[in-house]
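Below you'll find the structure, written out as structure tokens, and then a few comments.
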Amino acid sequence: SRRVALYCCVRSCSCSLFVFGCPYFWWSCGKMWSAFEDSTSNDNHLTTQHLPPPSLHHTQNNNNNNSRFTMADLMADNSFQHIIRVLNTNVDGKRKVVHAIKAIRGVGRRFGTLACKKAEVDVDKRAGELSPEELEKLMVIVANPRTFKIPEWFLNRKKDHKDGRYGQITSNGLDVKLRDDLERLKKIRAHRGLRHYWGVRVRGQHTCSTGRRARILPGMGK
């Protein structure tokens, strides 16, 4: 509306200059400019009428800013743990629970999220904020997922060759199970077991033109 009024003012002034001469041009300019100032003052009055006082507005913003917790405030608490020792693994307490427990071998993002939900732990919490009871409950679920109705297809060890059980293998248990599986393959003289025994590629890779210098397989040691 302000731009329209200013455009009309300039347009009428230019027309008056062309038709009636210079005196009427300045008179019409003054009239239109005074009308434009009156309209802008009325608009300002209407827009500022419904706003709260400036002091109250700034006070509300300051209160909202002060209510936010920063990472420094969280770490300043004496109960906050920066490093948590769980399943022979150092877990970073500054990270969120789901991403922090990914440092444990055998626990991924999806399994960690499901375990937190089963333990009724807030997934947005930092690992250092967990109470000993919450941490103990979380580790019990990781160790015995079947008792908490976690489906079999969600686990990383399906139908074990010795006992036929389903479970979630973590930490040092992964090395033990891998060693047992390799020993079983070698004992029954399976093709994969023989390839592991000979120390050559197992998964169908080309061996004639590649890997001539490094003959050591992953997990075989030096």
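- Scanning both residues, L155 and P145, for their nearest heavy atoms gives CD2-CG, 3.6 Å.
- Connection of F80 to I84 is not established within any shared hydrophobic cluster, with ILVMFWY side chains joined at heavy-atom distances below 4.5 Å, either directly or through further cluster members.
- In this structure, the side chain to side chain contact (heavy atoms under 4.5 Å, CB included) partners of E133, at least two apart in sequence or on a different chain, are S131.
- The environment of Q205 atom CD is dense: over 12 non-hydrogen atoms of other residues, nucleotides or ligands sit within 6.0 angstrom.
- Between V97 and R126 the shortest side-chain heavy-atom distance does not fall below 4.5 Å.
- Side-chain atoms of L114 and I141, non-hydrogen and from C-beta on, never get closer than 4.5 Å to each other.
- The closest side-chain heavy-atom distance from V142 to F111 is below 4.5 Å.
- When the salt bridge (charged side-chain N to carboxylate O under 4.0 Å, His left out) test is applied to K117, no partner is found at least two apart in sequence or on another chain.
- With sequence neighbours left out, K102 forms a side chain to side chain contact (heavy atoms under 4.5 Å, CB included) with H99, R109.
- Looking at V140 and F148, their side chains come closer than 4.5 Å, going by heavy atoms from C-beta outward.
- The side-chain hydrogen bond (donor to acceptor under 3.5 Å, both in side chains) test applied to D181 returns R157, not counting sequence neighbours.
- Atoms CZ and CG, from R192 and L182 in turn, are 7.5 Å apart once rounded to the nearest 0.5 Å.
- Applying the side chain to side chain contact (heavy atoms under 4.5 Å, CB included) criterion to L174, with sequence neighbours excluded, gives R105, N156, I169.
- Two residues are said to be in side-chain contact when any heavy atoms from C-beta on lie closer than 4.5 Å; M139 and V86 meet this criterion.
- Within the hydrophobic cluster formed by Ile, Leu, Val, Met, Phe, Trp and Tyr side chains joined at under 4.5 Å, directly or through other members, V123 is accompanied by V98.
- Here the CG atom belonging to D175 is positioned 10.5 Å from the CG atom belonging to D180, to the nearest 0.5 angstrom.
- Checked against salt bridge (charged side-chain N to carboxylate O under 4.0 Å, His left out), K118 has no partners two or more places apart in sequence or in another chain.
- Judged by distance alone, the side chain of R195 and the main-chain N or O of V200 form no donor-acceptor pair under 3.5 Å.
- Remark: L194 CG to R189 CZ distance equals 5.0 Å, nearest 0.5 Å.
- The side chain to side chain contact (heavy atoms under 4.5 Å, CB included) test applied to R110 returns W153, F154, not counting sequence neighbours.
- Applying the salt bridge (Lys or Arg N to Asp or Glu O under 4.0 Å) test to pairs two or more places apart or on separate chains, those with a residue in residues 136-150 are R146-E152.
- Sorted by first and then second residue, the side-chain hydrogen bond (donor to acceptor under 3.5 Å, both in side chains) pairs with a member in residues 161-170 read H161-R184; sequence neighbours excluded.
- Rounding to the nearest 0.5 angstrom, the gap separating the CZ atom in R95 from the CD1 atom in I101 is 11.0 Å.
- Residues satisfying the side-chain hydrogen bond (donor to acceptor under 3.5 Å, both in side chains) test with R203, not counting sequence neighbours, are none.
- Going from atom CG of N88 over to atom CG of N172 covers 5.0 Å, rounded to the nearest 0.5 Å.
- For K177, the salt bridge (charged side-chain N to carboxylate O under 4.0 Å, His left out) partners at least two apart in sequence or on another chain are D160.
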